[in-house]
J.: 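Before I ask anything, let me first share the structure, which is written out below as structure tokens.
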Amino acid sequence: MTNREIAVVLDRIADILQVKGEDYYKIRAYRAAAHSVYRLDEDIKVLYKANRISDIPGVGKAIKAKIEELLEKGSCEYLDKLLQEVPPGVLEMLRIPGIGHKTVKTIYEETGIDNLDDLLKAAQLKQIRVLPGMGGKTEYNIKKGIEILRSSGGKVTRGLALPLAEELRDCLLESAAVEQASIVGSIRRGKSLVSDIDILAASDDSEKVYSIISAYPGIREIQQANGDNIKGKLNYGIDFEVIIVKPHEYYPSMVWTTGSKAHREVLFNNRKAEEFKGLESESEVYNKLGYEYIVPEMRENKGELEAAKNKQLPRLIAEKDIQGDLHMHSEWSDGAHSIRQMAEAAKKRAYSYIAITDHSKSLPISGGLNEERLAEQGKEIEALNASVKDVHIFKGIEVDILKDGSLDFSDEILEQLDIVVASIHSNFKLDREKQTERISRAIKNPHVDIIGHLSGRLLNRRNGYELDVDRILELAARNKTVLEINSHPDRLDIDEDTARKAREYGIKIAINSDAHQADDLKLMKYGVVNARRAWLESEDIINSWNKESIIDFFKKS
DNA sequence: GCCGTTTTCGGCCCGACTGTTTTCAGTCG
């Protein structure tokens with residue numbers, strides 16, 4: 001089993017314990033262990049062989065035994081026992097926004113309902129409101145929540161799908177029978193939500209490819225397999241498709257299978273991919289069709305074909321252009337690592353600056369900073385800047401935008417900071433006018449440099465709050481307020497459409513990791529892809545500029 | 001269930017908002 005699979009099992013145990021109403025700290029212990037395992041740099045199997053499972057933070061005697069059982073047998077008796085008490089469908093109910101473990105427990109125990117379909121029916125039949133502690137609003141939340149869960153149509157985030165796709169691709173590439181393999185389809189185009197994993201493999205031996213796939217441990221089932229096409233489900237229930245082509249068909253097929261359909265149809269204009277076999281790169285395929293090479297993120301038939309024909313394609317921002325990261329947390333609030341550790345991690349990525357932007361006091365669960373601790377932190381940053389070479393640390397804050405649009409710190413405090421990110425973390429349900437006014441007030445504050453995760457959306461979990469986006473973009477442009485592309489794959493906020501629109505308004509963007517630990521800095525790649533899908537260039541992205549330009553920009557704004 | 005240079009027990013992030021109540025439990029960040 002992989003690190004990720006072990007982490008999923010531990011998390012699942014925590015879910016069940018929660019529905020069972022077990023001790024909060026026991027549940028938290030399983031969650032913490034799951035998190036540590038998920039974040040391990042090493043393969044857990046290597047740790048196991050070295051008898052070092054106990055070295056994993058948060059893993060003690062009991063959880064160690066379960067991890068070892070999973071590694072030895074691929075299953076865990078404790079989980080199997082728990083699953084008999086609480087069926088998987090009940091756990092799915094936990095994903096409904098506004099419905100927590102207590103509500104799920106009541107529903108399951110009082111009615112026996114153990115899946116989302118039956119729950120939805122019961123809510124429609126007004127059978128939930130009669131249960132203790134529930135009313136019409138709970139029923140409405142259930143109906144609405146299931147609707148949101150279903151609206152993604154079974155899609156998963158790119159953040160979940162990409163690592164799985166890479167593992168499958170790498171497994172194919174290990175075989176001598178596979179000359180080349182690439183992730184294609186919507187994952188390659190960088191869509192935030194994807195419906196399946198598509199892999200293109202170049203091989204003369206499709207039988208061999210089939211045997212590799214059927215032996216691949218990450219696969220749940222193969223549903224269809226003919227000569228050049230294998231379809232099925234990976235663990236976690238994600239659909240996959242492996243398309244096998246002859247080596248000389250590889251590059252035209254890559255263009256074809258990367259899509260999108262709309263892009264492909266215009267591009268090929270009734271010509272067949274077979275006409276282009278033997279070509280040795282995607283560029284050659286594009287050139288032969290009369291276009292400049294178009295990067296996968298742009299292939300949506302949204303103007304890129306015309307631009308490519310006229311040799312007017314933008315030079316999109318790339319991860320190597322990124323020079324720093326302007327939104328991250330440290331152990332001063334809810335981050336896991338010290339400021340020094342964050343700076344060292346940034347140095348490894350060859351960044352020249354970071355901003356430490358811990359939470360402000362209104363977010364007590366995060367250990368948000370009050371004025372005194374912020375001042376102390378400032379001193380630590382000054383000391384670090386004197387000793388840490390190569391990476392400059394900006395003093396920052398992720399200040400809460402309060403319900404009325406005022407900020408969690410006074411202007412006098414904010415004025416002393418280098419980078420002020422202002423974000424919403426509460427009162428998501430204000431009406432459109434109030435929410436727009438709230439953010440507008442924050443934008444107008446002269447000390448606010450960046451608005452963090454503007455819409456508050458969480459992909460597959462929560463829609464963004466009601467906002468008049470045009471009004472906000474106009475105001476941000478006028479105030480020279482930067483908008484963030486939050487790189488967390490569950491957020492990608494602002495989304496690509498808003499980002500493209502923001503550019504038209506002349507708004508500058510910061511692509512930030514919002515890292516809560518050193519390893520999270522790597523999430524930057526998801527934000528960059530989102531920006532590329534919005535056609536953004538280096539000049540649009542302030543953290544692709546050097547330190548001096550950033551200081552200069554915020555001085556003038 | 002984990003952790004410990006106050007160590008084998010007792011502590012382990014809290015406070016606001018929402019919805020269902022009529023004084024509070026559940027959810028969320």
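So that the names make sense, note that chain A is the first sequence line, chain B the second, and so on, each numbered from 1.
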J.: Suppose you measure atom P in dG4(B) against the same atom in dC13(B); what distance do you get, rounded to whole Å?
T.: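 These two P atoms come out 13 Å apart once rounded.
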J.: Tell me which residues in residues 34-54 of chain A lie within less than 4.0 Å of DNA chain B, going by non-hydrogen atoms.
T.: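 Nucleic-acid contacts, sorted: none.
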J.: How many Å lie between CZ on R31(A) and C1' on dC28(B), as a whole number?
T.: 14 Å
J.: For a quick check, with a 4.0 angstrom heavy-atom cut-off, what is the B/S/- contact string for nucleotides 4-11 of chain B, read 5' to 3'?
T.: --------
J.: Pairs in or reaching into residues 134-145 of chain A: which pass side chain to side chain donor-acceptor pair (under 3.5 Å), with residues at least two apart or in two chains?
T.: R129(A)-E139(A)
J.: Taking only the side-chain nitrogens and oxygens of S426(A), find out if one of them lies under 4.0 Å from OP1 or OP2 of dC17(B).
T.: no
J.: Pairs in or reaching into residues 73-92 of chain A: which pass side chain to side chain donor-acceptor pair (under 3.5 Å), with residues at least two apart or in two chains?
T.: K20(A)-E85(A)
J.: Find the distance R28(A):CZ to dC14(B):P and express it as a whole number of Å.
T.: 9 Å
J.: For L94(A) and dC28(B), what is the distance between atoms CG and C1' respectively, to the nearest whole Å?
T.: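 Result: 14 Å.
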J.: Y25(A) has an atom OH; how far is it from atom C1' of dC3(B), in whole Å?
T.: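 The distance from OH of Y25(A) to C1' of dC3(B) comes to 14 Å, rounded to the nearest Å.
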J.: Any side-chain N or O of Y30(A) less than 4.0 Å from the OP1 or OP2 oxygen of dG1(B)?
T.: yes
J.: Which whole-number value in Å describes the distance from H425(A) NE2 to dT27(B) C1'?
T.: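 Taking NE2 of H425(A) and C1' of dT27(B), I get 17 Å after rounding.
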J.: Out of H337(A), H329(A), E331(A), which residue meets the side chain to side chain contact (heavy atoms under 4.5 Å, CB included) rule with Q517(A)?
T.: H337(A)
J.: Specify the residues of residues 126-138 of chain A, ordered by number, for which at least one heavy atom lies under 4.0 angstrom from an atom of DNA chain B.
T.: G133(A), M134(A), G135(A), G136(A), K137(A), T138(A)
J.: What integer distance in Å separates E22(A):CD from dC12(B):P?
T.: 21 Å
J.: Remember a base hit wins even if backbone is also touched, and classify D334(A) as base, sugar-phosphate or nothing at under 4.0 Å, heavy atoms.
T.: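 Counting heavy atoms under 4.0 Å across all strands, no contact is made by D334(A).
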J.: Is it the case that atom NZ in K45(A) sees more than 12 heavy atoms from other parts of the structure closer than 6.0 Å?
T.: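 Result for NZ/K45(A): enclosed.
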J.: Please round to the nearest 0.5 Å and tell me the distance separating atom CG of N530(A) and atom CZ of R500(A).
T.: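 One finds 13.0 Å between CG of N530(A) and CZ of R500(A).
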J.: Without decimals, in angstroms, what is the distance between I27(A) CD1 and dC2(B) P?
T.: 14 Å
J.: Give the rounded distance in Å between these two atoms: NE2 of H359(A) and P of dC14(B).
T.: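 Distance check: H359(A) NE2 to dC14(B) P gives 16 Å.
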J.: Taking the minimum atom-to-atom distance to the side chain of K102(A), which one of dC14(B), dG26(B), dC28(B) wins?
T.: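 So the side chain of K102(A) is nearest to dG26(B).
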J.: Enumerate the residues from residues 430-438 of chain A whose closest heavy atom to DNA chain B is under 4.0 Å, giving them by residue number; use none for an empty result.
T.: none
